[in-house]
Every structure is written in structure tokens, then in C-alpha cells.
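Below is one structure, written out as C-alpha cells; the observations come after it.
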Number of protein chains: 2
Amino acid sequence: MATIHDIAKELNITASTVSRALNNHPRISEATKKAVLKVAKRLNYQPNHIAAALRNGRSNIIGIIVPTADRSFFGSVIRGIEEVAKRAHYNVMICQSHDDYESEVSTVEALLNARVDGIMASFAKNTENFDHFKKVHDKGIPLILFDRSFSGLDVSQVVIDDYLGAYQATEHLIQQGCRRIAHFTSVKKISIYKERLRGYKEALEAYNIPYRSELVLESYLQFEDGIEGLNRLLDLEEWPDAIFSASAYSAVAALAACKERGIAVPNQIAIVGFANEAFTSFCDPPMSTVDQQSMQIGTAAAEIFLEQITVGRDRFVPKRIVLTPELIIRKSSLKNPMKFSEK
Amino acid sequence: MATIHDIAKELNITASTVSRALNNHPRISEATKKAVLKVAKRLNYQPNHIAAALRNGRSNIIGIIVPTADRSFFGSVIRGIEEVAKRAHYNVMICQSHDDYESEVSTVEALLNARVDGIMASFAKNTENFDHFKKVHDKGIPLILFDRSFSGLDVSQVVIDDYLGAYQATEHLIQQGCRRIAHFTSVKKISIYKERLRGYKEALEAYNIPYRSELVLESYLQFEDGIEGLNRLLDLEEWPDAIFSASAYSAVAALAACKERGIAVPNQIAIVGFANEAFTSFCDPPMSTVDQQSMQIGTAAAEIFLEQITVGRDRFVPKRIVLTPELIIRKSSLKNPMKFSEK
DNA sequence: TGTAAATATGCAATCGATTGCGCACAATTC
DNA sequence: GAATTGTGCGCAATCGATTGCATATTTACA
């Protein structure tokens, strides 16, 4: 592969000049620039970013850590990040933690070794120690947390207002006439679930509906957990008349289980999920859900990164961006179709 | 950040020795190795992969080009690649072409500049010129195409047997008693669609069902295309009694449109899709579909890459791996539930 | 015409890790 | 005891691009 030295040799100039010419340095004559460009093209020159990265101390790579890449939510976030990053000539490097703490730690290590210029991450579910992220931040590498975040670190964050989303979802169910509203939640240490639970609770309180702990089930919110959850709810003496799930998968699972048992949705049990995965709109009845603005999360995160890079690590103040989720009402929670327009 | 030179200074040895010690070179005494490791830990040493990459000519990064990252299929492929790659200490760099040729070309350029050790790609829909990929191959950089591939390049490929998948899907519809089977196809230059069309045709032929061009609709297979497609089919004098779609989105769209119009699925129109996106199992009725083995595509691609790396570019013969798709029969195409077990 | 200013380019060090070669010293062999 | 083999480590070049400083050549202006 051709290097700037090869180009230099051809033109009887030095590599310095070639480098400057390629970077459009003002002190290089137009004639030389043109000549360099021409030879570069002829030799099929490809700049070696690795060499430049070593010299500059910048790799122009952003590291992304997600629990898993094959979920529509994270896919969209990644897409958002990549879109903004590319415009500023950054590439993204994706790593999956598989929702495992150990793996997350080693992934952070790997990204540091790869000398990424910044890291954007959403925690693994069992991450409780944040030293590995503290290390990133201490090294002065921009760190932006999204979705599953943690306020104990003085870093930027992009989240949605989970509290609001949950509050609105619950309120919506109440307005539909539901009074025994169950809630599927997850690991309480993760703030998004804590916030969603809080939104649920406060909505109940606002409407003078007593909070019943037997209606709140904690799990990993997978598909199976939704089925199991519904079964547990149906074992209660008094059935719930609605479920607000903190995840899309367990919501759809509950819906499927209801159908299997011949329970009418939404009339016997109304259901609202969280995360606007593609499948939520295709199930029957279509699932009401809280849209998480996934793509915007990505673009916002990337923009914060760019800002931090340009402002400089010293003068940059960590930002916390809270996006407003959108309650999407579909038939799974709509007892009176006349009152609302369907989306 | 600490370098091997810092460690060397602390121990009054040279960087060479430190490097060898860290790489567990046999000519370094155990005592020295231990000492180096100890100081490395104390100084919080992080190897600089960029420096190593420059020196070694290997970045340990695999570049991936997908049309878009936020589709479950590509997400799974990426996941598969990453899983295998990580074990061999490779990282992956994701780029999206947004199904646009120009963008794909510049992405390839970017990956070459980043000096990735290999590229895995699925074409953009409008890619018809393959020079940019030929260039990759000519430079001796392992290139593995998956899903949307092209046999005119002498590179490795991982695909599924689209013909077989389509044949089985169509045959299944025929066995359900369907005789006027429509087909949603896409850009014919892309082999996967050509193959699916071929499978469809040959299945018809095998059962002596005439091929009717008015039942074969070409589009980009997005959600809207599915709705439009159904409308066009219903404009025909004689309605189809089944649809085999080359994509999941347009299949689900057709299903939704049928429901809207009060057309019974599967009894009036049976539907089978392609690509086992999560939502296909959640819609109503659950959608029969051809599973593409997405994760295996990823792992297979990564394994080919590793083999090519170890075997060496000269002695490596491009491989073509054809995975067998799996027809998943669900209710959207099951006119006689007694005869088949549901999945 | 002489000199300061502007222009165009070269020199050489640098980023951090790797590695072929060589040298010293120790262990082993005959 | 001399010769051979083995062990442990240092020297210095290398990967390719970048950049502060120096230098050479022009241009401009008094």
C-alpha cells in the first residue's frame, strides 16, 4: 500500500510536504497540492488512520457498549449515534455486554486499549459497581451514559423521563376505568425501573387508588417472565384489570398468555408496555406502549460527545438530557374506542 | 497514561524487555515477568493497541457494513459476528450504508483507512457496481459477504438457501389448498430476491399451477409497500388466496391491511413472510415465516474470517456457506390446524 | 539596492509497541 | 578446560503520519 513517502519520492519532495498538501495546509503552494493529489490518486493512496491516530492521540472512534445489539431499541440508538458521528468523521465500535457485569468490565478495558475517543454505554442489568466507568471518566475520556444510567457518576447522560412515561401510562389505564393495575418491574437498582415504578405509584396515588404490593412483580422482563407474571396475577383471589409492564417483551407475552386463556384484552385486562419495539404495533390487539425516542437518544448522545470534544475536557460540564417519552395508545388499553383516536 | 517505557524506567530495564515480558516471551525470566506485571498494574498500564496495530500492520478490528443496524435481522448477524470475533480478540466496527450505494462506497473507504483486518458486508439495495468491494479483495483484505451477496466476486459468502426457503414456503401454501398465490418480491438484481422468486416459481411448476405475472409485485418491501401490494391484488378480478412475501415487513403490512378490510387470514388469504423478525410471532394471527438463521450467518462469517486469517491469504480458498432456512409454520397460513403442530 | 516580510519546503523528532540481531554470561558437554 | 548450547536482555530500526522549527527562495517596500 502506498504511503506519503511513496508519493514524496515520486515528486522529489519530502513526506512533510505531502502530508501538508493532503491536509490542505495554507503554506503549501497550489501547484504542489495538485501534483500531490494527482500522484496520490494514481498510486491509490489510502491514508493510514492508525498512524495518524498514534501520532495525534486521537483514533476518531467512538466506543458503544450495549447489552445486546439485536434489540430494536439499541439498534436504533446505535443508528442515531452513527448518523451523527459519521458527519464528524468518527466511526463507531460496537460491543455487547450481554447484560453481564464481568463482560462489561472487560469490554471497557478493550475500548480503552483501542484508544477510543469516547464511550457511550448502557449498563448491564447486574452492574452495581461503576469503577470501570469511573476509570474512563478519570482518564478524561468522554463518557456518555444512556437509558440505563447512574447518577452517582459525574458524567453526561441521555435518558427519557421514565417517571413521566410510567405516570402517563398508568394514568391512561386509570382513565380507562382500571382500578387494579398490576406492574411488571425489574431490578430496582436500575434507575429506569425505579423511576417507572415511581411513576406508577404516584399515578395511583394521584387518583386515590391504593398501592398493592401483590400486584407489582419483579423479574428480568423477558418473554417468559411475562407469562409467568400473568400466571401469578391470575392466581390472586382478585384478578387485576390492567397491566403496565416496564418492558415490551413481557407485555406482549402477557398479552399472548391472556389470549391463550381466553381473557379479553383490553376489556378484562388492559395492557400497556414500554419501548416501542416494532412488534408492539403488530400484535393483536396492537399494544399501547411508551415510546422511548430511541433514535433521538443516540443522536443526543453523539452530539454531547462532539460538544465535549470541541469545548475541551476542562471547560465541559456534564449534561443530563431528559427526553420526553410519548405514550402511544393502541387497542390493548383502549376500552372506549370512541374517545381516542387510534394511532 | 503509562507506557512500556515508564515501566522500563521504574525497573531499570529496556522497553524491549517490558514488551517481551508482557507478551510472555520465553526468553524472559519469570522474575522479570513478575516484576513487570507488578509495576504495570501499579501504574495502571493500558496497552496502546493503536501503536501495536501500526507496528504489526493488524488492527484487530473487523469492519461490518449493513444497510441499517436497527433491524432485528442485521442486529442478530452483528451479534453473531461479535460473539465469535471477541473470542479471537477482534473488535467490530459497525457502519450503515442506509441502503445507499454512494454511502456504501465511502464506508468501504473509511474502513480501509481504519485499516480493518477484514470486512463483512451486506449490499445496499441499489448497489450494482462492485468495484469498491473488488478493491478490498484485491488489497488482500478478507471480505465476506452475507445475505445480500453477489457471486461475481471471488470472495467468501454466507447466505441461506433462499430458493429452498421460498420453495418450501410456497409448497406449504399449496398444500394448504391455495392455488392463486401472490408473491411480493424486490429488486431483481439482488440475488436473494431472484432466488426467492425462483423458488416460488418452481414450486408452482412442480404442482402444475400456472405462473401469473399479475400476482408478482415488485417493491422495496417496506411496510407501506405491503399495504399497497395488497390493494393492488384486491383490484384484480380474481383475488389471490395466498401471499408469499420476500420480507417480513410487507407481509405483516398485508396482514394488517387484510384485517382492516375484514378479510380472513388465513382462510381467505393465507400469508407467509420471510425473516423471522420478533414481531412476526406476535401479530395476529401469528405469521408463518422463513427463518433466516441470522445469528448463524454472523458466526459463520466470523469463522470464515478467522480461518482466512490463519490459513493466509494465498492458500485460502473462498468459501460459500449456504445455511438452510427453516420454515416456521404459524397460524397465518394454517388452514387446517389439525394437520400441523404449531410452533 | 538592501532588507524585512512572506512564501514554500525540508529536517528530524515524535507517538508506543514490536522484533531481528547481537552480546554477555551461565550451564552443559566431551 | 575448551567448546558448545542456552538464557536473559539491550540496541536500534520500524510502522506511517504529523508538526515545531529551521532554511531557502521570493516578493515587497523603503
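Residue numbering restarts at 1 for every chain, and letters A, B, ... go by the order of the sequence lines. Note that the structure is a prediction, hence the values are computed from the model and not measured.
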(message) Expressed as a whole number of angstroms, how long is the span from B:Lys33:NZ to D:dT7:P?
(response) 12 Å
(request) Check each of B:Asp99, B:Val187, B:Val66, B:Val159 against B:Arg148 using the side chain to side chain contact (heavy atoms under 4.5 Å, CB included) test, and report the only one that passes. (result) B:Asp99
(message) Are B:Phe123 and B:Tyr101, when compared by the centres of their aromatic rings, separated by less than 6.0 Å?
(response) no
(request) Taking heavy atoms of chain B and a 4.0 Å limit, find me the 5'-most and 3'-most nucleotide of DNA chain C within that range. (result) C:dG16 to C:dC21
(request) Could you check which residues of residues 13-24 of chain A get a heavy atom under 4.0 Å from DNA chain C? Sort them by number, please. (result) A:Ile13, A:Thr14, A:Ser16, A:Thr17, A:Arg20
(message) Taking any heavy-atom pair under 4.0 Å as a contact, classify A:Asn12: base, sugar-phosphate, or nothing.
(response) sugar-phosphate
(message) Nearest heavy atom decides the nucleotide; on that basis, is B:Ser29 or B:Arg115 closer to the 5' end of DNA chain D?
(response) B:Ser29
(message) Tell me the interatomic distance from B:Arg55, atom CZ, to D:dA12, atom C1', rounded to whole angstroms.
(response) 11 Å
(message) Can you see whether B:Ser29 engages B:Thr32 through a side-chain donor-acceptor pair at a distance of less than 3.5 angstrom?
(response) yes
(message) Expressed as a whole number of angstroms, how long is the span from B:Leu11:CG to D:dG8:C1'?
(response) 15 Å
(message) Checking the side chain of B:Asn129 only, and the main-chain atoms of B:Asp131 only, is there a donor and an acceptor separated by less than 3.5 Å?
(response) yes
(message) Between B:Arg27 and B:Ala51, which residue's closest nucleotide on DNA chain D lies nearer the 5′ terminus?
(response) B:Arg27
(request) Verify the distance criterion only: is there a donor paired with an acceptor across the side chains of B:His132 and B:Glu104 at less than 3.5 Å? (result) yes
(request) For this output row, return yes or no: ring centroids of B:Phe150 and B:Phe133 closer than 6.0 angstrom. (result) no
(message) What I want to find out is whether B:Glu30 reaches B:Lys33 closely enough, with some N-O distance under 4.0 Å, to be called a salt bridge.
(response) yes
(message) Atom NZ of residue position A:Lys34 - does it have more than 12 heavy atoms of other residues, nucleotides or ligands inside 6.0 Å?
(response) no
